[in-house]
Every structure is written in structure tokens, then in C-alpha cells.
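Down below is the structure, laid out as C-alpha cells.
Keep in mind it's a predicted model, so treat the numbers as computed, not measured.
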Amino acid sequence: MAAGILDGLNPAQRDAAATIEGPVLILAGPGSGKTRVLTQRIAYMLSEAQPRIDAYNILSVTFTNKAAREMKERTEKLLVKYLGQENSAAKRLTLGTFHSFCVRVLRQDANYIGLDRNFAIYDDDDQTALVKSSLNSLGLSDKQYSPRACLSMISSAKNTLQEPRQFREVAQTYFEEIAARVYERYQELLRTNRALDFDDLIGQTIRLLRENKEVLERYQERYRYIMVDEYQDTNHAQYQLIHALADKYQNLCVVGDENQSIYGWRAADIRNILNFESDYPQAKVIALEQNYRSTQTILDAATAIIAANTQRKDKALWTENESGRPIQVFEAYNEMEEANYVVGEIDRLQVRGEFKPKDVAVLYRTNAQSRALEEMFIRRGIPYQLIGGTRFYERKEVKDALAFLRLIQNPYDSISFTRIITNTPAGKGIGPRTLIDLSQWANQMSLPIYVALQLLQSQEADKQTRRNAGEPEESNEEDLLPPLNVAPKIRNALLDFVNLLEAFIRARGEMTLLELFDYVMEKSGYELSLRDGSEEGEERWHNVQELRTVCQEYNHMPGNDALPAFMEDVALVADVDKFNPDADAATLITLHAAKGLEFPVVFIVGLEEGILPHSRSLENENQLEEERRLLYVGITRAKNRLYLVYAFRRSLYGGQNIPTKPSRFLLDLPSQLVKGYQQAPTGSPHGGRGTGSRDTLWGTDVNRTNWGNTTKPAPAKPAALSKPATPTRPAATGNISLKFKAGEKVLHPKFGKGMVVSSRISGNDEEATVAFEGQGIKKLMVSLANLQKI
DNA sequence: TGTCCCAATCGGCTA
DNA sequence: GATTGGGACA
């Protein structure tokens with residue numbers, strides 16, 4: 001091979017990039033140059049491979065838009081470099097997320113399975129709302145049966161490709177039977193609304209391919225070369241989809257790392273990657289084991305953490321990088337001191353000229369942890385960017401504004417309809433009572449609400465004509481239809497609404513997306529109602545304006561194409577998509593969202609039992625392994641410096657400070673990698689603390705780890721910041737015996753009589769789950785709750 | 001119908 | 001500590 005695209009790759013990488021035909025499994029450890037291999041592989045296929053491959057025949061699937069965009073850009077660059085400016089091959093590639101790929105297929109071929117191409121895409125909120133109406137229309141209370149719990153069952157059924165009927169057959173518990181009924185109704189409602197939820201995007205695409213051989217063959221012929229990134233995160237449905245497409249040519253290249261599988265809760269199935277070799281016995285397996293990212297020390301720490309997991313393939317990461325600084329472990333007093341330590345360190349690194357804020361990421365398990373950090377960043381004037389939290393597209397005003405556009409595209413979308421009626425002035429005069437009347441009326445006639453409204457409109461027009469012609473107002477025709485019994489005022493409000501909607505739909509064909517947006521915001525009165533003069537109102541309007549800016553990007557498209565393209569993109573954006581590596585600011589991000597990113601300096605905070613590992617994962621060994629992988633992902637984001645931080649006390653739900661216990665994962669860190677590590681602390685390691693200056697407080701040598709020895713009571717710890725001093729950490733917490741056990745009857749001063757469902761140790765306390773007569777299930781901390789056995 | 005206030009619940013990660 | 005949903009009231 002002549003000097004070319006694969007130069008500069010190591011032998012394993014080169015092998016991975018140059019193996020084009022047949023099934024390939026690339027096991028890519030963190031920092032092993034995975035993206036580089038993937039992009040060079042595509043470039044190689046297009047420019048050097050024999051036979052040369054047409055970009056049109058390549059499908060590359062990732063999980064985030066960001067990853068897709070990055071691959072596209074990098075591939076383009078390579079192609080320009082090797083094939084010259086003129087080359088347009090990259091534009092012919094199909095490169096996207098699972099969801100965007102499926103949306104494209106369905107917009108093209110939805111008619112084969114009887115779906116409207118203009119389908120709306122329902123996000124989490126929409127889904128929950130629809131589950132609620134499913135419950136209600138079955139005469140079930142959404143308080144008795146949690147819509148979210150139903151939804152999660154429906155979702156997992158969909159992710160394992162179970163139709164409502166099949167799900168009903170395997171339903172075991174009473175609640176599962178309820179969920180099965182809800183699932184069935186939910187699907188009916190989706191259909192009436194001409195909408196698909198996220199899971200359907202995959203599921204319906206599979207249905208399309210399974211039920212239509214010629215469609216399947218068309219896609220198989222087109223996509224002869226398929227690549228899947230982050231294969232460890234695929235769920236069963238995605239697995240089936242990929243395997244159906246690859247079935248004919250078997251040129252399937254999957255890339256992944258089972259140690260970075262952190263989406264089990266989203267039904268990702270780690271077995272997909274673990275079993276690839278048995279799925280394709282002739283598969284070529286290539287391990288990328290050289291790490292180019294991290295120091296030896298950081299890599300050793302990551303290896304030590306992950307070694308305890310059982311669900312993994314053997315591979316050994318190594319690096320030629322220097323050993324680097326030891327890992328800094330720090331115990332803070334509480335979440336505020338934790339934040340202060342982190343921000344103080346970032347400041348110090350900056351002052352010393354070692355790193356800039358943009359080099360730093362602070363990673364945490366839960367979004368709620370970001371608040372204390374944010375406050376401290378603001379207080380100390382260090383720039384930061386927060387990824388996640390309340391997402392832009394989940395803001396109420398943004399969703400409201402979007403609901404207008406969604407309804408214009410698909411007027412059958414009852415969720416958007418209801419949203420506009422209840423939240424915006426366009427629905428003034430129409431309340432919940434009327435909505436029920438209206439939908440019942442529509443139901444009697446078996447018409448969608450939109451059509452029922454149109455009927456109302458034409459009845460009104462008829463009346464008008466007859467009035468003008470001097471005829472009696474009532475006609476025989478109308479008597480055949482059930483009447484809508486509402487006050488004339490309300491009838492007019494409904495007519496105003498449908499007239500407005502029709503005007504919007506007409507406008508769509510006559511203006512650009514941007515003009516349409518402005519038109520809708522003004523005509524609906526939504527702009528005026530938001531900008532009520534309050535600061536908050538302006539802030540909201542500002543967010544709507546930000547959405548307007550997004551519309552602008554679609555202005556080059558013909559009016560009728562722009563809207564669906566816009567809706568599709570909007571429905572599928574993720575938080576990380578916003579991450580800006582060039583901003584001169586530290587990054588605050590969850591461990592999940594940080595996957596795929598890297599930073600010179602990484603802080604992982606909240607390394608406590610109940611947070612990482614998360615309390616909801618403590619009972620299940622598989623979930624614990626996933627928590628461990630999550631930490632592994634976090635550690636391996638770091639290039640040069642790694643800080644692991646935990647707090648001695650933490651307040652949850654804005655409640656009191658609860659003492660915490662350092663994460664069990666810390667115990668797996670080899671002591672020689674950690675700064676200030678003490679296997680068995682002797683004497684007081686905290687000399688002078690609390691009385692000294694800030695410098696000694698936040699210096700690197702005030703590392704007071706006392707984990708590693710849990711049998712010995714930890715020494716008292718003076719208060720930091722303004723918090724009052726607290727007593728010593730309660731003596732060894734290893735084995736508090738449980739006071740309550742399942743089945744026991746108890747009495748609570750407020751909730752009355754109940755029965756213990758379960759009880760477990762949580763922090764230094766016992767948490768009992770109790771079902772109270774008529775009060776439902778409550779979780780109580782035994783030390784606080786004054787529970788008595790009866 | 002709309003609005004305000006209180007309580008219950010939440011805060012686990014997300015295409 | 002913030003959001004949301006229901007009930008009371010205008």
C-alpha cells in the first residue's frame with residue numbers, strides 16, 4: 001500500500017481500518033483512537049480499498065448527533081486531504097444516530113406500514129401525558145397507577161420488541177397486567193395522534209423491514225457496509241435492526257467497549273457486544289489496547305477499578321505516556337466545601353499557569369449535584385458551562401412554542417393541541433371541562449378532534465349561509481349528528497381556535513419557516529402573554545427567540561420541507577450536543593454525558609455510597625457493575641490530572657445534612673497511585689485544620705483521607721466554611737443491625753398503622769419502606785420517624 | 001374559566 | 001429547595 005490514509009496508525013488500528021469485508025468486532029478501550037480509526041476506515045473505503053466503495057453504500061450509526069457530526073467533519077477533512085477539494089463523497093454518506101436514521105427511513109417509507117409520513121415524534125413528557133390519558137380512558141386513576149412506571153414497562157416491552165398482545169401474555173403481576181392494557185390503549189392513541197415515540201422510531205422501522213421484503217432488500221442493497229459505534233449501548237431492538245440490515249452482505253463492523261456500557265437502564269444490552277463472536281463465528285476481533293490519552297497513573301487507577309467486574313472481556317490497556325501526578329483524593333466537609341475545593345483548585349491551576357478553566361471538567365452522578373458547584377463558580381468568578389440540567393427543549397415556553405409548529409405539521413397531535421389550549425392565549429376561554437366535552441363529542445362520531453373542530457367550523461358556516469338566505473337556522477342534516485352541548489361563548493372560543501389553526505396551516509405553504517414562526521408567535525398572542533413586563537417573562541421570551549434562531553438555519557429550504565426537517569432535528573437533540581470545547585470555561589457535566597469526551601483535568605465529585613454507586617443500584621449486582629463502569633468512564637476522561645472528591649456530610653432534597661460513607665469503589669484504588677493515601681491512619685491527620693488560612697485549608701497537602709479503614713472510628717472533623725461544628729462520624733457503620741423487617745406491623749404518629757415492606761441500611765441509618773393503611777407507601781428514616789412495632 | 005396557594009413529591013442517567 | 005398538581009376561591 002502506498003503512503004496514504006492509514007499512515008500513522010498503529011498495527012491494530014491499521015488492521016481495524018483496513019478490514020472492510022465481513023463481520024468485524026473492534027474492542028476499543030478508552031483513549032485508544034477509536035474515532036480516528038472509524039473515520040480513517042471510511043476514508044480508506046472511499047479512496048484506497050480494492051474494490052473502491054461508493055459512499056452511498058455506507059451506513060454509519062452512532063448514539064449522539066455530536067458523535068455523528070464529528071465523524072462527518074473529520075471524514076470530510078481526510079477526504080479533502082487525500083482526494084482533493086472537489087470531492088463530495090462525504091456528502092453521500094449516511095451518517096447519523098439510530099433515531100435519525102430511522103426517522104429518515106420512516107419519512108420515506110412509512111406508507112408501507114400504514115403510517116402518516118408527517119408523524120409527530122413524542123418525547124418523554126409527551127409520552128407521560130399520553131400514558132395518563134390512556135389510563136384515564138380505561139377508567140383507571142393516574143394516581144393509583146404511576147404513569148411513569150407504566151411508561152417504563154411499555155418502553156422496555158418495546159425495546160425487546162414485544163407488542164401489546166405478547167406483553168399481556170407474559171405479564172406476571174397485577175401491575176404488569178394493568179400496564180399491558182395501558183400499552184394497548186397507548187398505541188391506539190399514538191396512532192390516532194399520528195405520532196411515534198422514541199422507541200417506536202426503532203420498533204416501527206423494524207416492523208417495516210420485517211413485513212416488507214422488498215423494502216428490506218432495498219435497504220440491504222443500499223447499505224452494504226455498516227458500522228455501529230458504541231455497540232455496547234445497543235438494545236435488543238437496535239440489535240435486531242442492525243442485524244436485519246447486515247444480514248445479506250454481512251459487512252458489519254461494530255465498535256465498542258463493554259467496560260463503557262452505562263445505559264443498561266435504557267435497555268442497552270451488554271450481551272450484544274459480549275456475544276458478537278457467537279453471532280458471527282467468522283468475525284474478526286481486533287482489540288485496540290494502546291491508550292494515547294491518559295497518564296500511566298490514571299490508566300492504572302481505571303484498570304484497578306474495573307478489574308472487580310465480572311461481565312467483561314479480557315483486554316489490557318497500556319500506554320507510553322509518562323506516569324504523571326498521583327491521583328488526588330479529597331474529603332470535603334459537605335457539598336459546599338466540596339464545591340469550594342473544586343473551584344479553588346481550578347483557580348489555583350489557573351493562577352499557576354498550569355491549566356485554564358477550559359481544560360477542566362467536573363463530573364457528577366446526578367444533575368442535582370451541579371447546583372452547589374454552580375453557585376461556587378459564580379461566587380468565585382470562574383467561567384463554567386453547564387451541560388444538561390433543565391434542557392433547553394424541555395423548557396415550558398420552548399415546548400409551547402414548538403407545540404404550535406408541531407400542530408401545524410400534524411394537526412392530529414392531541415398532545416400539542418392540549419398543550420396550546422391550556423398554556424397559551426390561543427386557547428383562551430377553553431378549559432379542561434370543554435376539552436373533555438369536545439373529545440367526547442369527537443369520540444361519539446369516531447372522529448379525531450381536529451376533524452371534529454373542522455366539522456364545527458363547517459356547521460357554523462352553513463348556519464351563516466342559511467341565515468343570510470333567510471332560511472331557518474336548524475337543518476335536518478345536523479340532527480343526524482350528536483350535538484356539542486356547550487355555551488355559545490365557548491363554541492365561539494373553539495371556532496376562533498380552529499380558524500387560527502387553519503390560518504397557520506395555510507401560512508405554512510406561503511412563507512419561510514422563520515416568517516411562519518414570527519407569524520405564529522404574534523397572531524396567537526403568545527409573545528404578548530410571555531412578555532408581561534416581568535424579568536422572568538423576558539427571560540422566557542429570550543428562550544423562545546433562541547428557538548427562532550434555530551429556525552433560521554432552515555430558511556434555505558422550501559417552506560414545506562423546512563418544517564419537518566426542523567421538527568426532526570429538534571426532537572432528537574441531546575445535551576452533549578451543546579458542549580463547546582472551545583469555550584473558555586470549565587465544564588460541569590454528568591458522568592453519563594461525559595462519555596466520549598476528554599479533558600486534561602478531571603474532578604469526579606460525590607464519591608459516596610448512595611451517590612456513586614447510586615442508592616437505587618445497591619441491591620442488584622448487575623447494576624453495581626454498571627455503576628463501577630460509570631466511574632471507569634469518568635476516570636478515563638482524564639488526560640493529566642485526576643481528582644476524586646467526596647463529602648463527609650451531604651444534604652439531600654434541601655433537607656438536613658446526612659452523614660455519608662465514602663464510595664466502596666475508592667477502596668479499590670491502589671494506595672501508591674493516590675496522594676496522601678494512608679492505609680491505616682494513625683493520630684490526627686487534620687492538624688490545625690479549621691483555624692488556618694484558606695491557603696492551608698485548600699492546599700494539596702490537606703488531604704485527609706480516612707477511608708480504607710472502616711473499623712476504626714474516624715477522628716472528629718472541624719467545621720468548614722460557615723457550618724456549625726458537628727460531632728464525630730458515628731462509630732463504625734459496617735453492620736448496624738436492622739430494627740425492622742418485612743412483614744412487621746408498625747405504628748407511625750402521622751401515618752397510622754402500616755406494614756413494613758422492606759428495610760435496609762442507608763448511610764448510617766435504617767430506611768424502612770412501609771405501606772400505611774390508606775396512606776400508601778412511604779420511605780422513612782428509622783432514627784427520625786418514631787416508628788413503633790405493634 | 002382562571003388564578004393563587006399549599007402540599008406532595010421529587011432528584012438517576014437520556015435518544 | 002424547586003416544581004407540579006389539586007383544591008379553593010374569584
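Distances shown here put a side-chain N or O of A:T590 below 4.0 Å from the OP1 or OP2 atom of B:dT14. Side-chain N/O atoms of A:N235 include none lying less than 4.0 angstrom from OP1 or OP2 on B:dA15. Look at A:N367 and you won't find any side-chain N or O under 4.0 angstrom from OP1 or OP2 of B:dG12. Here A:T434 reaches the OP1 or OP2 of B:dT1: one of its side-chain N or O atoms lies under 4.0 Å away. Side-chain nitrogen and oxygen atoms of A:R616 include at least one within less than 4.0 Å of the OP1 or OP2 phosphate oxygen of B:dG12.
In this structure, A:Y393 places its OH atom 17 Å from P of B:dT14, rounding to the nearest Å. Between A:D233 atom CG and B:dC13 atom P the separation is 17 Å, expressed in whole Å. Between the C1' atom of B:dG12 and the CG atom of A:L618 lies a distance of 12 Å, rounded to the nearest Å. In this structure, CD of A:Q204 is placed 17 Å from C1' of B:dA15, rounded to the nearest angstrom. For A:D569 and B:dA15, the CG to C1' distance is 13 Å, given to the nearest whole Å. Taking atom NZ on A:K396 and atom C1' on C:dA2, their separation rounds to 16 Å, with Å as the unit. Between the NZ atom of A:K399 and the P atom of C:dT4 there is a distance of 11 Å, given to the nearest Å. Taking atom NZ of A:K595 as the reference point, atom C1' of B:dA15 lies 12 Å away to the nearest angstrom.
With hydrogens and angles left out, the side chain of A:R266 and the base of B:dC13 share no donor-acceptor pair within 3.5 Å.
In terms of position on DNA chain B, the residue among A:A368 and A:N65 whose nearest nucleotide sits closer to the 5' end is A:A368.
At a threshold of 4.0 angstrom between heavy atoms, the contacts of A:F63 are confined to the sugar-phosphate backbone, with no base atom among them. Across all strands, A:R433 comes closer than 4.0 Å only to sugar-phosphate atoms, never to a base (heavy-atom distances). Among the heavy atoms of the strands, none lies under 4.0 Å from A:E626. As judged by a 4.0 angstrom heavy-atom cut-off over every strand, A:I262 is placed among residues making no nucleic acid contact.
In the set C:dA2, B:dC13, B:dG2, the nucleotide with an atom closest to the side chain of A:R371 is C:dA2. Ranking B:dT14, B:dG12, B:dA15 by closeness to the A:E627 side chain, first place goes to B:dG12. When the nucleotides B:dC13, B:dA15, C:dG5 are ranked by their closest atom to the side chain of A:K132, C:dG5 comes out on top. Between B:dT1, B:dT14, B:dG12, one nucleotide has an atom nearer to the side chain of A:P432 than all others, and that is B:dT1.
For A:F497, the ring pair (Phe, Tyr, Trp, His ring centres under 6.0 Å) criterion is met by A:F417, not counting sequence neighbours. A search for salt bridge (Lys or Arg N to Asp or Glu O under 4.0 Å) contacts involving A:D126 returns A:K399, A:R406, not counting sequence neighbours.
Residue ring and base: A:W265 does not count as stacked with B:dG12 (centre distance below 5.5 Å and interplanar angle below 30° not both satisfied).
Separation of the A:Y186 and A:Y122 ring centroids does not fall under the 6.0 Å cut-off. Separation of the A:F98 and A:Y239 ring centroids does not fall under the 6.0 Å cut-off.
Atom CG of A:L528 sits in a sparse spot, with 12 or fewer heavy atoms from other residues, nucleotides or ligands closer than 6.0 Å.
Annotation: B:dC13 and C:dT4 have their P atoms spaced 15 Å apart (nearest Å).
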* Pair A:R649-A:T660, side chain to side chain donor-acceptor pair (under 3.5 Å): steps then yes or no -> CA-CA 5 Å; A:R649 297 177 84 92; A:T660 59; over 6 Å; no
